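Encoded as structure tokens, the structure appears first; notes follow it.
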Protein chains: 4
Amino acid sequence: MMQENSLTRRGRERLNHRRQILDAAVKLFSEFGYHNVSMHRIAKKAEFAIGTMYKFFSNKEALYRAMIMEFAEKVNAAIIEALEIPGDETEKIRNYVKIKGDVLIRNTTVLRLYVSGTQGAGMDLTAGLNEEIGQMYDQVLIRLAQVFETGIKEKRFKPLLAPYYLAVAIESLTNAFLLLWLKDPQQHPYMDNVETIMEIFFNNVRTA
Amino acid sequence: MMQENSLTRRGRERLNHRRQILDAAVKLFSEFGYHNVSMHRIAKKAEFAIGTMYKFFSNKEALYRAMIMEFAEKVNAAIIEALEIPGDETEKIRNYVKIKGDVLIRNTTVLRLYVSGTQGAGMDLTAGLNEEIGQMYDQVLIRLAQVFETGIKEKRFKPLLAPYYLAVAIESLTNAFLLLWLKDPQQHPYMDNVETIMEIFFNNVRTA
Amino acid sequence: MMQENSLTRRGRERLNHRRQILDAAVKLFSEFGYHNVSMHRIAKKAEFAIGTMYKFFSNKEALYRAMIMEFAEKVNAAIIEALEIPGDETEKIRNYVKIKGDVLIRNTTVLRLYVSGTQGAGMDLTAGLNEEIGQMYDQVLIRLAQVFETGIKEKRFKPLLAPYYLAVAIESLTNAFLLLWLKDPQQHPYMDNVETIMEIFFNNVRTA
Amino acid sequence: MMQENSLTRRGRERLNHRRQILDAAVKLFSEFGYHNVSMHRIAKKAEFAIGTMYKFFSNKEALYRAMIMEFAEKVNAAIIEALEIPGDETEKIRNYVKIKGDVLIRNTTVLRLYVSGTQGAGMDLTAGLNEEIGQMYDQVLIRLAQVFETGIKEKRFKPLLAPYYLAVAIESLTNAFLLLWLKDPQQHPYMDNVETIMEIFFNNVRTA
DNA sequence: TATGAATGAGGTTTCATTCAT
DNA sequence: CATGAATGAAACCTCATTCAT
């Protein structure tokens, strides 16, 4: 009687509506920033009444969190998947760099959001939300660190620096080059630059 | 006795008051962010009436700009000075890393402000101000790039990557480790980590 | 039963509320003047929250303009209608004087507003709004001048003075006597005085 | 020891300063209106410190009143003088019309102020000040009415209308044509138009 | 006496949120 | 459920006025 996914029509519609609101929110928040976008504006872009917004998200911050979380989960999932592709650690890192670029370049809208989340000094939000977002982003760092850790254990990388710091380093480098690409995609190609940087970096980290 | 600066007492007092306002602004803005701090709050912290604020800065954005600019100029000046200390390019970069750390660690308050400025994801401000601040921060990058350029010309560095990108790379690395230090100064010492990173990085950039 | 105006209940309510705001605004503005009335005061009198005011009028000036325009249109319409009642030019002018008096005496509230609009040196408003209001009021003058012009063409009036100036003259006279009436309705009846003045005036303008 | 006018140098200087403030005030108030001119702006134009303003006038309204009064007294004095020039009543009225035009056309700055004062729609000021200014302007009307009264007594004018109303009538007519002249001095000459109007008017008021 | 820095009440406007329909 | 009119706290900013120097 019901569809494949165990949801009523109502249920599916609700999900759709949620999606539309989140999509509108992403576009506006990432272009103008949290405080420069009003709930009314998002409602208008999503083509819902203002009251409806509050049926889905209890307040502005909740909407922001949901949006960030959803996005970060998507990016994180892609990245973690990349790190799971079989291969040695060097290849894993290469995959990470590539996939992260792929995902974020395809989602220009949120790139800025992602970077200011990871690096940024998100002074825009309440401490609580900031914390929560920070932890979200930290998951990637931790996963990345594990790769370095394994690499070191396997003696494929030199134990020059704590794995976590190596993770921080390449996170920050990829972010920097993504931001550069965003500023002027023609002039600052991401992959070329970041690959060279990685080469420079890893030549010295790798054993042999 | 003192150096009298050719300023009347009135003039000196005015400067002092301006300073007090800027100091209050720095503390609040860098802790809470532009939109989470009201002019009244700054006024209160600076112990002035709200009207006085507007005698010194024509509006909130002007105050923010003045504060950012003043701070960035201080940091930039220190950094550029560091790059002018005689020595070969490797030493110059080492000086840069050290001095930048010194200055920013001594000015914890604004560290976050500096990083989010360079990071340039400032979705918080009007486009015009963002632009202006971006240019301010870019000066360091350009100066840094010149050092790499010279290094390459003098065959002390390999021409692996455009000098500007090398500058971007070490800017982003130092920022990342400064932010880490800020999060937990005990656990994440800046100099140790950044020096190791630099070693890793430059081993491969330097010729011979 | 009633004429339903093709408006939803919501729509009709909105119109009502708009009316209530305009009514409050008219009373306050015409008693105290633009700058001596705050939006909060109008909101209070209209029994709405301050935010509601801005849902109906985008800012204070817009509210003022809407109020002036609506009123001027009402007065102008009545006057122009008066000038269209069949009859010779003398009768038309008599009608004008009478109807203008009727309308404005019934709308004491705005009388002052009308006079300061037509004659006044509205130094109170932005140049743009002043201009717009001026043009609004000028329409009556022009229409009035046309009556004089026809009267002259038909040789019922002597061509003593440009029609526009005759219009200005009787506008200013009627305004003056209306203001007098407003100051002390008992002591300075409008119609009696203005009729005599008109008699004096037209005895000499009329041919025959 | 002291000068001709029994004033110390200090005293004379004070008077000069007062004059400069009043001059600045007239220019600004009559161009922009009471509420669109700040005390600081007047102070700047008069080249005094803000504190000095308050040494001369206890507050903004007092300055406004002083300025209006002084100006009105000047105009009133000229007008009343005109009415005292020997001659019959018709000549007196002619003198009035001419002198009023002369004075006000030479003082374009305050023309608007004068008219909106007489017009009495000054919704801009506190009731008290408005009253006071109204009385000031009423003096001319009363003096003018006396001329008509005498004219009637002497049987030179017909007793068609209370003298005060005749006074109101020509006040309003002259004001209207002065305002017209102000709007476009080239296109709307004052004397020509007003003389014709007066002719039309008085032909019927004068006996024989 | 003249100065002008400082004051703070109060103005206009925005926007997250509620709730009757 | 969805709607959107209404709310009102709170933001930015102005300006008449005071007072120490």
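Being a predicted model, the structure only gives us computed values, none of them experimental.
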Whole-Å distance separating the [atom1] atom of [X] from the [atom2] atom of [N]:
| X | N | atom1 | atom2 | answer |
| --- | --- | --- | --- | --- |
| A:Asn36 | E:dT14 | CG | C1' | 13 Å |
| A:Phe57 | E:dA16 | CZ | C1' | 16 Å |
| A:Phe56 | F:dC1 | CZ | C1' | 9 Å |
| C:Asn16 | F:dA6 | CG | P | 11 Å |
| D:Met53 | E:dG4 | CE | C1' | 13 Å |
| A:Arg14 | F:dC1 | CZ | C1' | 9 Å |
| B:Phe48 | F:dC12 | CZ | C1' | 20 Å |
| B:Glu13 | E:dA6 | CD | C1' | 11 Å |

Please check if the number of heavy atoms outside C:Glu61 that lie under 6.0 Å from its CD is greater than 12. yes
Assess the residue pair C:Glu70 and C:Arg19 against the criterion (salt bridge (Lys or Arg N to Asp or Glu O under 4.0 Å)); give the C-alpha distance rounded to whole Å, side-chain angles, the decisive distance to 0.1 Å, and a yes or no. CA-CA 11 Å; C:Glu70 191 189 56; C:Arg19 179 105 309 282; 2.4 Å; yes
Which distance, rounded to the nearest 0.5 Å, do you find between the CZ of D:Phe48 and the NZ of D:Lys55?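 If we round to the nearest 0.5 Å, D:Phe48:CZ and D:Lys55:NZ are 13.0 Å apart.
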Checking salt bridge (charged side-chain N to carboxylate O under 4.0 Å, His left out) against D:Arg65, which of D:Glu132, D:Glu131, D:Glu73 comes through? D:Glu132
Below 4.0 angstrom from OP1 or OP2 of E:dA5, is there any side-chain N or O of B:Thr52?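 It does not, given that no N or O in the side chain of B:Thr52 lies less than 4.0 Å from OP1 or OP2 of E:dA5.
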Please, what dot-bracket string fits DNA chain E when only Watson-Crick and G-U pairs with both distances under 3.5 Å count, crossing ones use [ ] and pairs to another strand use |? .||||||||||||||||||||
Between [X] and [Y] (side chain of the first, backbone of the second, donor and acceptor by atom type, cut-off under 3.5 Å), is there such a pair?
| X | Y | value |
| --- | --- | --- |
| C:Lys60 | C:Val37 | yes |
| B:Lys45 | B:Asp23 | no |
| C:Arg41 | C:Asn36 | yes |

What verdict does the ring pair (Phe, Tyr, Trp, His ring centres under 6.0 Å) test give for D:Phe57 and D:Tyr64, after you've listed the backbone C-alpha separation in whole Å, the side-chain angles of each residue and the deciding distance to 0.1 Å? CA-CA 9 Å; D:Phe57 304 96; D:Tyr64 190 80; over 10 Å; no
Sequence neighbours excluded, which residues qualify as ring pair (Phe, Tyr, Trp, His ring centres under 6.0 Å) partners of C:His40?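 None.
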Indicate for each nucleotide in nucleotides 16-21 of chain F, in 5' to 3' sequence, whether protein heavy atoms under 4.0 Å reach the base (B), only the sugar-phosphate (S), or nothing (-). SBB--S
